[in-house]
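Worksheet: one structure, shown below.
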Amino acid sequence: MLDTVRWLTDDNRILDHAPPTDTALLPGKVRLIDQTQLPTSLAYLSLDAPAAIHDAIRRLVVRGAPAIGIAAALGLATAMQHHSGPPTTFLTEAQRIAAYLETARPTAVNLAWSLRRAMTTLTAAAQHTSALPQLKQTLIREALNILAEDINMCRAIGEHGVPLIRPGMGILTHCNAGALATGDFGTALAPLYLAHAAGRAFTVYADETRPLLQGARLTAWELQRAGIDVILICDNMAASLMRAGKIQLVIVGTDRVAANGDTANKIGTYGLAVLAKHHNIPFYVALPRSTIDASLPDGSHIPIEERHPDEVRRLAGHPIAPATVRVANPAFDVTPHNLITGFITERGIITPPFAGKLV
Ligand code: MRU
């Protein structure tokens, strides 16, 4: 459906999974949809320098928890293609770049998760070989495995979530947890894609999601492109639509879930969960299990990214507030687990009590 983040080989093939182990993998670059250009234009960027990949993640050229994890793993693989030093330095250089890429954004655990997974696989391979071509291949293959697994997990999330989507429903989502935020299909949007493919008719209400408008620019764009009935609303309209009986279900994605089920997602999610509880509307969070951080007992330990004040003072580049007014700009908030009806994962739906189930 959407090739949000892929491996572009030097001979121009686009890969979304690793070929069989006896096939040599070609060097290449990370190819990204430039999400800062949507919905005006569908443009692609091909990157290989660590600083360019770090910058793309930080500027939200690629964004969404699973997608930044995939981009970072592919980024590490492409950066290390250029390593020409002695094999003994390969591991330390890869570690240095992985540690650097991990600093691009703090909240989504998938970024650290995928880089650590790539480094663990590389370290294991380095026990058996010091041949540079093989070590380079190991990093490309593992990054492509992460990408392919994400696509499969998103599809499975969709299959588990599809029974929640009944004909005629109004479904509210926030930010973008769709194909643009993952390898494909999305997390929160995956059940909607599958229900639509099965011929079920429903309406999606997409919050515009200030300050960076991921709902307006990305969710509305990708749902409309797929032929799904979508109505764009401003963030301050949800309560009134719920009260009017237009919304029967809320599904959102997440950047990190603590062991007790407390859930970090795009700023504004917590407010929606409170509203859903008040109006007795089920509130589901969709995620691959790589988004669970069982090392954190609860949501108070999740690092929340604070972004530049100009994102609030400006709208699409235009000033909308005094240039020096003080601003708060937390990119995420934490929804307490007791407001969550269930987690839709690739292995099924997890319902309360969550303790001990999120590992
Ligand atoms: O700042 P963003 O656009 O990266 O925020 C993304 C979200 O909040 C998504 O809901 C979350 O990463 C889940 S994506 C499947």
Side-chain angles (χ1 to χ4, degrees), residues 1-2 4-5 32-36 38 56-72 104-114 147 150-151 153-158 161 172-193 206-223 235 250-257 263-273 283-293 302-308 311-312 329-335 340 343-346:
M1 295 195 317
L2 272 172
T4 301
V5 46
L32 303 169
I33 293 180
D34 182 351
Q35 300 192 31
T36 64
L38 286 171
I57 294 172
R58 198 186 48 77
R59 285 196 306 112
L60 276 52
V61 167
V62 59
R63 32 67 50 205
I68 63 174
I70 297 161
R105 293 188 79 188
T107 303
V109 73
N110 310 60
L111 183 59
W113 173 86
S114 65
L147 169 59
D150 185 69
I151 295 172
M153 285 191 295
C154 286
R155 189 194 293 272
I157 289 167
L172 179 68
T173 191
H174 189 64
C175 192
N176 174 266
L180 287 167
T182 60
D184 205 351
F185 304 107
T187 55
L189 301 194
L192 308 181
Y193 282 123
D207 270 345
E208 66 175 348
T209 317
R210 269 284 281 152
L212 295 180
L213 303 174
Q214 289 93 329
R217 295 187 302 105
L218 309 176
T219 298
W221 179 81
E222 69 164 270
L223 290 177
D235 296 324
V250 181
I251 310 184
V252 295
T254 169
D255 289 80
R256 197 186 296 228
V257 175
T263 291
N265 191 46
K266 179 54 57 195
I267 190 77
T269 303
Y270 172 36
L272 287 181
F283 182 95
Y284 282 89
V285 176
L287 74 161
R289 293 178 74 95
S290 53
T291 308
I292 298 169
D293 185 350
I302 300 177
I304 300 296
E305 178 181 10
E306 181 76 23
R307 292 186 63 87
H308 197 283
E311 292 179 353
V312 177
N329 189 13
F332 301 95
D333 58 24
V334 175
T335 299
I340 296 170
F343 290 97
I344 312 169
T345 78
E346 71 274 23

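All ligand and atom numbering here is 1-based and tracks the order in the structure.
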Under 3.5 Å: N or O atoms of ligand 1 paired with protein N or O:
from: ligand 1; atom 1: 1 (O); to: Arg105; atom 2: NH1; distance (Å): 3.4
from: ligand 1; atom 1: 1 (O); to: Arg105; atom 2: NH2; distance (Å): 2.8
from: ligand 1; atom 1: 1 (O); to: Lys266; atom 2: NZ; distance (Å): 2.7
from: ligand 1; atom 1: 3 (O); to: Arg63; atom 2: NE; distance (Å): 2.8
from: ligand 1; atom 1: 3 (O); to: Arg63; atom 2: NH2; distance (Å): 3.2
from: ligand 1; atom 1: 3 (O); to: Gln214; atom 2: NE2; distance (Å): 2.9
from: ligand 1; atom 1: 4 (O); to: Gly64; atom 2: N; distance (Å): 3.0
from: ligand 1; atom 1: 4 (O); to: Arg105; atom 2: NH1; distance (Å): 2.8
from: ligand 1; atom 1: 8 (O); to: Asp255; atom 2: OD1; distance (Å): 3.1
from: ligand 1; atom 1: 8 (O); to: Asn265; atom 2: OD1; distance (Å): 3.1
from: ligand 1; atom 1: 8 (O); to: Lys266; atom 2: N; distance (Å): 3.3
from: ligand 1; atom 1: 10 (O); to: Asn265; atom 2: OD1; distance (Å): 2.6
from: ligand 1; atom 1: 12 (O); to: Ala65; atom 2: N; distance (Å): 2.9
from: ligand 1; atom 1: 12 (O); to: Asp255; atom 2: OD1; distance (Å): 3.1
from: ligand 1; atom 1: 12 (O); to: Asp255; atom 2: OD2; distance (Å): 3.0

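- Inter-residue side-chain proximity for Leu180 and Trp221 is flagged as met; some heavy-atom pair is nearer than 4.5 Å.
- Just one residue in the list Thr182, Asp293, Thr291, Asp255 forms a side chain to side chain donor-acceptor pair (under 3.5 Å) with Asn110, and that residue is Thr291.
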What's the verdict on side chain to side chain contact (heavy atoms under 4.5 Å, CB included) for Arg63 and Asn176, showing C-alpha distance, side-chain angles and the deciding distance? CA-CA 9 Å; Arg63 32 67 50 205; Asn176 174 266; 3.0 Å; yes
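- A search for side chain to side chain donor-acceptor pair (under 3.5 Å) contacts involving Thr269 returns Asn265, not counting sequence neighbours.
- Inspection of the Asp34 and Thr36 side chains reveals an N or O donor paired with an N or O acceptor under 3.5 Å.
- Using a 4.5 Å heavy-atom cutoff, the side chains of Ile302 and Phe332 are not in contact.
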